Amino acid sequence: MTLPGTGTLAGRAIAALGRCGATLPTIAGDAGPAPLTARTPIDGSVLAFLHPSTSADVEAAVTGAHDAFLAWRTVPAPKRGSVVRRLGELLCEHKSDLADLVTLEAGKIRSEALGEVQEMIDICEFATGLSRQLYGRTMGSERPGHRLSETWHPLGVVAVITAFNFPVAVWSWNTALALVCGDPVVWKPSETTPLTAMACDTLLRRATTETAAPDGLHHVLLGTAVIGEQLVDDPRVALVSATGSVRMGRAVAPRVAARFGRCLLELGGNNAAVVTASADLDLAVRGIVFAAAGTAGQRCTTLRRLIVHRSIVDDVTDRIAGAYRQLTVGNPFDDGVLVGPLISGAAYHAMHAALDTARADGGVVVTGGERVGSGESFYVTPAVVRMPEQTAIVRAETFAPILYVLAYDTFDEAIALHNGVPQGLSSAIFTTDHREAEGFLAADGSDCGIANVNIGTSGAEIGGAFGGEKETGGGRESGSDAWKSYMRRATNTVNYSGELPLAQGVEFGPRSPDDFA
Ligand code: NAD
């Protein structure tokens, strides 16, 4: 069996992987489990055949990570930060190689692939600084001569399960924070993006060696959901950070809960933007087109629903449809291409079926939805669909570039439509009216984890906490105080008084030490 695929794209992938220091393992004959086939959505060709991890590999990875934890948790946090600082430098050095792999495996256009790698570099900088800022609080004790405070300690092994569409950024959000917090990582990337994962793993291992960190801080396991399930059930895994579909979260969360483990869920979104009558439409249309058609509609934060004031809905729809018709769909490596391929034939069929359902519900496809080309790759023109109401298909996340447009009359109606879906990831309002903007951000406004004004739903910065509510799972990653998910908190009371007063004025037992005599 040949290991690498034989096409030009396979050559490009193997070259990028090689520059990152990773080599493809040898697959001996036909023995062992069926190989994992890495393909590119660009033309459907094979990039490489890989060894899928076995159950024994999972066991060894968790054991190795747990052993590493016992040493790593006692390393001072600022020293732990030096591994992440070095990782950030290596990511900078290999930015172009990693972006190549992201484009090859996930189909992102070059600029977005470079942006995803930049996000890794950014979070490494953030985490390096954070390694000196894992602050606990000191609270005033109600008892004299007592000090009440909290301390944050490393948590344990973190399993990171990631989706295909952010094959490296989500890993880095988790891993950079976990490492400075004192936690080793076992990573189960999407089965669709194994080469990108191998490259990152190799660079991180290099960073750990060069900074003399303990062995076993990072492991990557290649394979399907079965590998993820074994990680989910392992009691030595203190935190399962799982990114993917709501379906996956429904399977993972109860299993982790059954063993009282900790879960951080980043699941599907069904993001909307409200466009009010006062909106700056030039700005709004630009923001909407990037959020809805960028990454071929395959971001968790992709704009999927547009809720527009009835007085401007025709105008807004026409402008967006006009902009959509100018988007170039094609090979994501080519200059000028803004929309790359869908990840698979299944994604294309799901889009097709969703458009059929929308039509049956009275929707009108204003533009897009056609397949471009044929064969083993699946390119589509992004679709804009006018809907008479928010039907079941609009309330579901179809992971493809479909933008449903709905009209509203009152602001309260817009908010009700906006919040009337099971998911709660990202949201936006386009308005120049201060009251509408603040109303959208208020407690009875958007119910999402991310709420923006005059900017689209996608393209978050790493400085804020990232995640969503309701079926999106409630997890928070990346910036702000998301690090707290990767640590355990101990509340400490120190009595330096020589007396033993009880809290809340409780009295118990003898009133003086002489009473014990
Ligand atoms: P997916 O749910 O099919 O797979 C995600 C990962 O989970 C893969 O690694 C997969 O092997 C693993 N997995 C699946 N079932 C599992 C199980 N029972 N136990 C353990 N692991 C399991 O998702 P996908 O198609 O790769 O990605 C698209 C989805 O991910 C969309 O719904 C998108 O909105 C979501 N997503 C969410 C975020 C976020 O931050 N909220 C980010 C990226 C993607």
Side-chain angles (χ1 to χ4, degrees), residues 65-84 126-159 173-185 213-214 217 234-241 253 256-265 449 463-465 467 469 473-517:
H66 192 261
D67 289 349
F69 172 64
L70 301 181
W72 192 235
R73 66 182 172 178
T74 64
V75 174
K79 290 215 178 313
R80 299 195 295 248
S82 57
V83 173
V84 175
F126 179 92
T128 304
L130 181 69
S131 70
R132 291 183 182 270
Q133 300 174 73
L134 301 170
Y135 301 136
R137 296 168 189 244
T138 301
M139 290 70 75
S141 170
E142 67 188 51
R143 286 171 282 187
H146 284 59
R147 184 167 60 78
L148 182 60
S149 63
E150 61 188 17
T151 318
W152 291 89
H153 294 295
L155 185 65
V157 176
V158 175
W173 294 352
N174 282 281
T175 302
L177 262 56
L179 287 177
V180 299
C181 289
D183 305 331
V185 168
L217 281 184
D234 194 314
R236 293 168 299 173
V237 173
L239 170 68
V240 176
S241 175
V256 180
R259 62 174 179 84
F260 297 102
R262 213 188 265 187
C263 227
L264 194 170
L265 295 174
E469 302 302 329
R476 290 296 185 279
E477 288 175 348
S478 195
S480 185
D481 64 351
W483 60 270
K484 291 180 176 172
S485 295
Y486 304 83
M487 302 199 88
R488 67 179 173 85
R489 180 196 326 232
T491 301
N492 314 124
T493 309
V494 176
N495 174 7
Y496 58 92
S497 70
E499 303 295 325
L500 199 60
L502 299 180
Q504 294 90 41
V506 171
E507 295 203 0
F508 188 83
R511 290 180 181 268
S512 81
D514 295 342
D515 292 349
F516 282 120

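The structure displayed is predicted, hence computed values, not measured ones.
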**Student:** List in chain and number order the residues that pass side chain to side chain donor-acceptor pair (under 3.5 Å) with D67, two or more places apart in sequence or in another chain; answer none if no residue qualifies.
**Tutor:** none
**Student:** To check you understand the geometry: which heavy-atom pair defines the closest contact between L264 and G475, and what is its length?
**Tutor:** CD2-CA, 3.8 Å
**Student:** Drop me the distance from E142's CD to T493's OG1, to the nearest 0.5 angstrom.
**Tutor:** 9.5 Å
**Student:** Taking all heavy atoms of S478 and all of A482, pick out the closest pair and write down the distance.
**Tutor:** O-CB, 3.5 Å
**Student:** Could you pull out the closest heavy-atom pair between S241 and E477, with the gap in Å?
**Tutor:** OG-OE2, 3.1 Å
**Student:** Pick one: which of R488, R262, M487 meets side chain to side chain contact (heavy atoms under 4.5 Å, CB included) with L239?
**Tutor:** R262
**Student:** Counting C-beta onward and ignoring hydrogens, is there a side-chain heavy-atom pair between P144 and E499 closer than 4.5 Å?
**Tutor:** no
**Student:** Nearest heavy-atom pair of R476 and G467: which atoms, and what distance?
**Tutor:** NH1-C, 3.4 Å
**Student:** Quick check for you: to the nearest 0.5 Å, what is the distance between D183 atom CG and L217 atom CG?
**Tutor:** 10.0 Å
**Student:** Hey, which of V185, L130, V158, V84 is the one that makes side chain to side chain contact (heavy atoms under 4.5 Å, CB included) with L177?
**Tutor:** L130
**Student:** Which side-chain N or O atoms in residues 69-83 pair as donor and acceptor under 3.5 Å with protein atoms at least two apart or in another chain?
**Tutor:**
residue	atom	partner	partner atom	Å
W72	NE1	L179	O	3.0
T74	OG1	A71	O	2.8
R80	NE	V180	O	2.8
R80	NH1	V75	O	2.8
R80	NH2	V180	O	3.0
S82	OG	K79	O	2.6

**Student:** State, to 0.1 Å, how close V237 and A159 come at their nearest heavy-atom pair, and which atoms those are.
**Tutor:** CG1-CB, 3.6 Å
**Student:** What is the minimum heavy-atom distance between R259 and V240, and which atoms define it?
**Tutor:** NH2-CG2, 3.8 Å
**Student:** Give the table of side-chain donor-acceptor pairs shorter than 3.5 Å for residues 149-156, with sequence neighbours excluded, one pair per line with atom names and distance.
**Tutor:**
residue	atom	partner	partner atom	Å
S149	OG	R147	NH1	3.3
E150	OE1	R489	NH1	3.2
T151	OG1	N492	OD1	2.4
W152	NE1	Y135	O	3.4

